[in-house]
Colleague: 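The structure's right below; bear with me while I get my questions together.
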Amino acid sequence: MINRLLKLLVIFLILVIQIGWLGNFEFIRTKLNILIITLTFFIFLFDFREVIIWGLLSGYIMDIYSSLPFGLISISLIISLIISYGLFRNYFTNRSLLSLMILVASTTLTFHLVIMFLGWIAGQIGFSFYEFTSSWVISVVWQIGFNAILAAIGFSVYTFLTNRLKRNFLVKGNL
Amino acid sequence: MRKLFRSRVFFSIFAIAVVLLLIFLNWLNATKPLDTAIGWVFNPINKTFYSLGQSTREFFGSQDDLDMLEEENQLLKDQIDHLLIEKSQLIDENKALLEINPQLVFLDEMELNSQAAQVVGLNTTGDSKIYLLNKGSNDGIKPGYPVIVGKGLLIGKIIDSGSSISKLQLITSNSSLLSGEIQNEQSSQGLLQGDVGISLNMSLIPQDDQIEEKQLVITSGLDDNIPRGLLIGTISRLTTKTGELFQSVSITPISPLDKLNIVSIIIPQ
């Protein structure tokens, strides 16, 4: 129970940082998505159902505060988490820092590709809600890079503070 | 193993079905109580984090000596804004006196209802910024309502309102459209559209009208819910090309649109 409350608190904190705090910084606002980093981290630590439930909860809250049509973030988040979990189970046998960085990058890319795909479909049926400009592509590329770097930093801090990840990840001294 | 895989597939489909159901319920407005509850919990925390972010930004900014100059520059800009607003009001009042009764009646009608709102977040999609405000349909806010700062500086319109959250689209956003009026002799009217989140373009201005740089642009009152006389900006550049039937100009907004905190939403009577 305390464990779940702690996870809920982490998700809430991540959401208020993403929605309230990061919005103030022009340079980083569109280039960092700490919710994707956290949920990808969850893929490494928790079971599939738990990851999807946290994805549903955080996606719903993000949708309330998002300027995109309601549900778009939830559905993109869930699809990208399902795909990332599939990749993680089938291809990332080596649970290293590099695996985490690649998985964060692929989750970020999938998330934006799903948004773009749904935006394209909406455009085809005459309901355009998003302009996919060159600045959008640039910010996605930046976001992939920044998310991967921040995941690496988060991983290093977490392994420094606790031994828990050493059971899940391949880190020096654990081999 | 196969069984386990199947159960994961089932749970994935179930999760997507839940999202689709939530979208449907949201479309029916059935999620309103849940949205209100989330807003009730999140808005005060978001507000704190947003203010914290502003303080962080200002703290790091103040480390630089150049910011002293920037501050002074901002102060002077604010004074210019203040004078421009006064000038705009005087021009309007002057016109009202010249055009006698109908205008005076109109000024009486300018007693507007408004609702103050706090910015609780900022969302960027493409080239446009969407500010999240802590007032929603529970406070009488509806899409299309104009949002102002200071003494009648129009900054944008509400594009969506949840029960306790509303979304403000800036006038400089690409998808923002409204009708404006130049404060010249002819009171030229035209169509204003946002330009990559920085400025506005005003088009469809009659060819014979006299337009000059620094002239003020106000709302014309032709848009639903937006009263006449809200200050939008000043003409920064004439952009008419040879052979065009109408004139067009570039307009710089008077109010800085990147440091919003408290705004007022005008509620039509």
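Proteins get letters first, then strands, A, B, ... in listed order; numbering begins at 1 in each.
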Colleague: Between atom CD1 of B:Ile165 and atom OG of A:Ser66, what is the distance when rounded to the nearest 0.5 Å?
Modeller: 11.5 Å

Colleague: Rounded at 0.5 Å granularity, tell me how far CD1 in A:Ile17 sits from CG in B:Leu52.
Modeller: 9.5 Å

Colleague: List the atom of B:Val19, the atom of A:Ser74, and the distance in Å for their closest heavy-atom pair.
Modeller: CG1-CB, 3.7 Å

Colleague: State, with a plain yes or no, whether a side-chain heavy atom of B:Phe11 is found less than 4.5 Å away from one of A:Phe48.
Modeller: yes

Colleague: Where does B:Ile23 contact chain A at under 4.5 Å (heavy atoms): side chain, backbone, both or neither?
Modeller: both

Colleague: Could you tell me which of A:Ile61, A:Ile52, A:Val16 has the largest number of non-hydrogen atom pairs under 4.5 Å with chain B?
Modeller: A:Val16

Colleague: Only pairs of heavy atoms separated by less than 4.5 Å count here; which of B:Gly121, B:Ser12, B:Gly162 has the most with chain A?
Modeller: B:Ser12

Colleague: Using 0.5 Å steps for rounding, measure from the CZ atom of B:Arg8 to the CG atom of A:Asp47.
Modeller: 8.0 Å

Colleague: Side chain from CB out, backbone as N, CA, C, O: work out which of these in B:Val119 comes under 4.5 Å of a heavy atom of chain A, or both, or neither.
Modeller: neither

Colleague: Taking the side chain as every heavy atom from C-beta outward, state whether A:Ile75 and B:Leu20 have any pair of such atoms under 4.5 Å apart.
Modeller: yes

Colleague: Mind listing the closest non-hydrogen atom pair of A:Ile78 and B:Ala15 along with its distance?
Modeller: CG2-CB, 4.0 Å

Colleague: Under 4.5 Å between any side-chain heavy atoms of A:Phe12 and B:Phe42, yes or no?
Modeller: yes

Colleague: What are the two closest non-hydrogen atoms of B:Asp35 and A:Tyr60, and how far apart are they?
Modeller: OD1-OH, 2.6 Å

Colleague: Which answer fits A:Ser139, side chain, backbone, both or neither, if we ask what part of it has an atom under 4.5 Å from a heavy atom of chain B?
Modeller: neither

Colleague: Could you go through the side chain to side chain contact (heavy atoms under 4.5 Å, CB included) check for B:Leu25 and A:Phe70 one step at a time?
Modeller: CA-CA 11 Å; B:Leu25 290 174; A:Phe70 184 86; over 6 Å; no

Colleague: Counting only heavy atoms closer than 4.5 Å, note whether A:Ile82 contacts chain B via side chain, backbone, both or neither.
Modeller: side chain

Colleague: Does any non-hydrogen side-chain atom of A:Leu15 lie less than 4.5 Å from one of B:Phe49?
Modeller: no

Colleague: At a 4.5 Å cut-off on heavy atoms, which part of A:Leu81 comes close to chain B: side chain, backbone, both, or neither?
Modeller: neither

Colleague: Give, for atom CH2 of A:Trp21 and atom CG of B:Asn46, the distance between the pair rounded to the nearest 0.5 Å.
Modeller: 14.0 Å

Colleague: How long is the span from the CG atom in B:Asn26 to the CG atom in A:Asp63, to the nearest 0.5 Å?
Modeller: 8.5 Å

Colleague: Rounded to the nearest 0.5 Å, how far does CG of A:Leu56 lie from CD1 of B:Ile16?
Modeller: 9.5 Å

Colleague: With a 4.5 angstrom heavy-atom cut-off, is it the side chain or the backbone of B:Thr31 that approaches chain A, or both, or neither?
Modeller: both

